[in-house]
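Every chain is numbered from 1, with letters handed out A, B, ... down the list of sequences.
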Protein chains: 2
Amino acid sequence: MTLSLAKTPPASEDELLARAGSVAGRSVGELAMKAQVRIPKQMRRAKGLAGQLLEQFLGADAGSKAEPDFRGLGIELKTLPVHEGRPKESTFVSTIELDRLGDTDFEDSVVWHKLRRVLWMPIEADPSVELPHRRFGAAILWSPDDDQRRTLQDDYERVAELVLRGRIDEITGHLGDALQVRPKAAHGGVRERAPEGIGGGYQWTGPRGFYLRPGFTAGILERAFR
Amino acid sequence: MTLSLAKTPPASEDELLARAGSVAGRSVGELAMKAQVRIPKQMRRAKGLAGQLLEQFLGADAGSKAEPDFRGLGIELKTLPVHEGRPKESTFVSTIELDRLGDTDFEDSVVWHKLRRVLWMPIEADPSVELPHRRFGAAILWSPDDDQRRTLQDDYERVAELVLRGRIDEITGHLGDALQVRPKAAHGGVRERAPEGIGGGYQWTGPRGFYLRPGFTAGILERAFR
DNA sequence: CAGGATCCACTATTGGATCCCG
DNA sequence: CGGGATCCAATAGTGGATCCTG
């Protein structure tokens with residue numbers, strides 16, 4: 001299949017996989033050229049750009065929504081930076097709505113909606129290769145198995161309980177076997193509201209997001225290619 | 001039981017455990033005083049001294065032999081530095097006789113003879129506490145369970161094969177889940193003979209020893225106190 | 001700001017080097 | 001030296017901070 005910008009969302013998983021197949025083996029530079037987008041050579045100046053380019057070629061239609069990228073298929077798109085066979089970074093899943101987290105069951109959570117079905121697009125992450133020359137790999141269409149699902153839910157529920165009790169300051173990146181909580185903001189000064197725990201008060205704290213640890217995504221890679 | 005220097009080897013496991021009980025809770029300084037031994041305040045100047053003191057109080061009789069410390073009982077004595085509930089260091093098991101390793105089955109190895117039954121004496125390893133004030137903990141009389149035994153044997157056999165093939169330079173501290181190989185010498189300049197692999201020749205290389213990784217001894221601690 | 005992510009300072013771990021005693 | 005071990009520089013890994021786009 002020829003590499004081209006998607007004009008419409010994919011109508012089926014097969015169509016999505018066909019589009020993903022047309023991207024596999026291509027470099028970020030090739031996609032940027034076709035999309036008429038300028039890309040910096042240094043990753044530092046282009047965090048997230050490869051993922052946004054991919055959206056255009058695969059036909060993601062959710063925009064900046066708390067919904068899966070492919071709404072019709074219920075599939076989320078994630079790039080996965082891989083170096084020497086292992087994920088180089090954690091994977092951002094979603095921001096945390098601190099004010100609502102305590103009232104939301106895992107089944108109804110943004111985390112679960114984003115992770116129940118994911119199209120992983122591996123991308124080379126060798127620091128010695130400049131961004132335009134980094135290539136995409138073969139797509140992996142994944143859903144959590146029972147174990148993975150249980151791990152995710154346990155991690156989620158532990159965090160939800162702490163937020164509900166107002167013990168935000170006990171939430172650090174150390175929590176969670178697979179799903180971890182880390183700051184998520186343009187810079188450290190940003191503040192947002194969170195439950196205060198006792199009574200209906202609130203407190204101000206930094207915005208946070210859910211991330212998948214590299215060890216967890218490594219397991220996904222291994223199963224896919226083993 | 002009163003703390004006192006042992007005049008004879010322990011006649012039974014119970015006697016050994018009774019002596020160990022008399023040491024539990026005592027400080028290195030107390031033992032040194034009774035043994036009329038001078039000890040430096042800094043651990044750096046006294047590596048191994050706590051273990052040697054213990055031998056005197058428990059009645060170890062093997063001296064500097066490749067045999068268990070308590071010959072009659074077939075029990076090896078090991079101190080285990082513990083800080084915040086975890087072993088702070090790896091545990092030295094034995095030197096490696098490179099010239100003989102390839103011909104020796106695990107069952108007949110020094111490693112197995114030393115590890116098939118061990119009296120672990122935990123000792124405080126808080127860096128902020130000077131050596132004389134560090135205290136011994138409650139003894140753990142341990143034998144490997146089937147899993148542990150299998151892990152040790154697998155690690156041993158992998159090393160033995162590399163030595164036999166003369167691929168000494170492929171042996172690094174990275175090998176081994178539980179049992180690891182590391183340099184063991186007064187300084188880096190020491191050299192000894194090892195098989196060269198092809199034919200009956202030999203090569204010169206640094207002396208090495210077997211060590212247990214902290215993760216393995218952590219498991220022993222956890223089972224004993226859980 | 002929310003969504004796409006990676007950066008990089010710091011911490012934890014590792015494992016090669018070293019220290020004391022008899 | 002062999003047996004008793006720990007030291008500590010270097011590396012791997014973690015997780016708080018940050019960067020770009022629309």
Side-chain N or O of [X] versus OP1/OP2 of [N]: is the shortest distance under 4.0 Å?
| X | N | result |
| --- | --- | --- |
| R213(B) | dG15(C) | yes |
| K88(B) | dA12(C) | no |
| S94(B) | dG3(D) | no |
| R45(B) | dC20(C) | yes |

Measure [atom1]/[X] against [atom2]/[N] and give the value in whole Å, please.
| X | N | atom1 | atom2 | value |
| --- | --- | --- | --- | --- |
| E89(A) | dT14(D) | CD | P | 11 Å |
| E55(B) | dC21(C) | CD | C1' | 10 Å |
| L131(A) | dC7(C) | CG | P | 10 Å |
| L54(A) | dT21(D) | CG | P | 17 Å |
| F92(A) | dC1(C) | CZ | P | 15 Å |
| D69(A) | dA5(C) | CG | P | 8 Å |
| Q56(A) | dG4(C) | CD | C1' | 12 Å |
| M43(A) | dT6(C) | CE | P | 5 Å |

Kindly compute the distance separating [atom1] ([X]) from [atom2] ([Y]), expressed to the nearest 0.5 Å.
| X | Y | atom1 | atom2 | value |
| --- | --- | --- | --- | --- |
| R71(B) | D61(B) | CZ | CG | 4.5 Å |
| D155(B) | F216(B) | CG | CZ | 9.0 Å |
| R208(B) | S94(B) | CZ | OG | 14.0 Å |

Task: Proximity to the side chain of Q52(B) - top-ranked nucleotide from dC20(C), dC20(D), dT6(D) - done: dC20(C)
TODO: For the side chain of K47(B), starting at C-beta, report the closest nucleotide among dC8(C), dC19(C), dA17(D).
DONE: dC19(C)
Task: Polar contact flag, side-chain donor to acceptor under 3.5 angstrom, R182(B)-T172(B) - done: no
- [ ] Go through the side-chain N and O atoms of R117(B) and S143(B) and say whether any donor and acceptor fall under 3.5 Å apart.
- [x] yes
Task: Toward the 5' end of DNA chain D, by each residue's nearest nucleotide, V93(B) or R134(B) - done: V93(B)
Using a strict heavy-atom distance below 4.0 Å, which residues from [range] are in contact with DNA chain D?
| range | value |
| --- | --- |
| residues 75-86 of chain B | E76(B), K78(B), T79(B), P81(B) |
| residues 168-194 of chain B | R182(B), K184(B) |
| residues 22-42 of chain A | R38(A) |

Open item on the list: Minimum heavy-atom separation for A138(B) and P122(B), please, with both atom names.
Closed with: O-CD, 3.2 Å
Task: Heavy-atom closest pair, residues E192(B) and I96(B) - done: OE2-O, 3.8 Å
Open item on the list: Any carboxylate oxygen within less than 4.0 angstrom of a Lys/Arg side-chain nitrogen, looking at K78(B) and E76(B)?
Closed with: yes
Please tabulate, for the side chains in residues 36-54 of chain B, all donor-acceptor contacts under 3.5 angstrom to protein atoms that are two or more places apart in sequence or on a different chain.
none

Open item on the list: Under 4.0 Å, counting only non-hydrogen atoms across every strand here, what does G51(B) touch: a base, just sugar-phosphate, or nothing?
Closed with: sugar-phosphate
Task: Sub-4.5 Å side-chain heavy-atom contact between R116(A) and W142(A) - done: no
Task: Contact nearer the 5' end of DNA chain C, comparing G48(A) with A46(B) - done: G48(A)
Open item on the list: Strictly by ring-ring contact (aromatic ring centres under 6.0 Å, His included), give each pair with a member in residues 24-57 of chain B just once, sequence neighbours left out.
Closed with: none
Which pairs of donor and acceptor atoms, one on a side chain in residues 128-137 of chain A, lie under 3.5 Å apart (sequence neighbours left out)?
| unit_1 | atom_1 | unit_2 | atom_2 | d |
| --- | --- | --- | --- | --- |
| S128(A) | OG | D126(A) | OD1 | 2.8 |
| S128(A) | OG | D126(A) | OD2 | 3.3 |
| R134(A) | NE | V129(A) | O | 2.9 |
| R134(A) | NH2 | D126(A) | O | 3.2 |
| R134(A) | NH2 | V129(A) | O | 3.1 |
| R135(A) | NH1 | G25(A) | O | 2.6 |

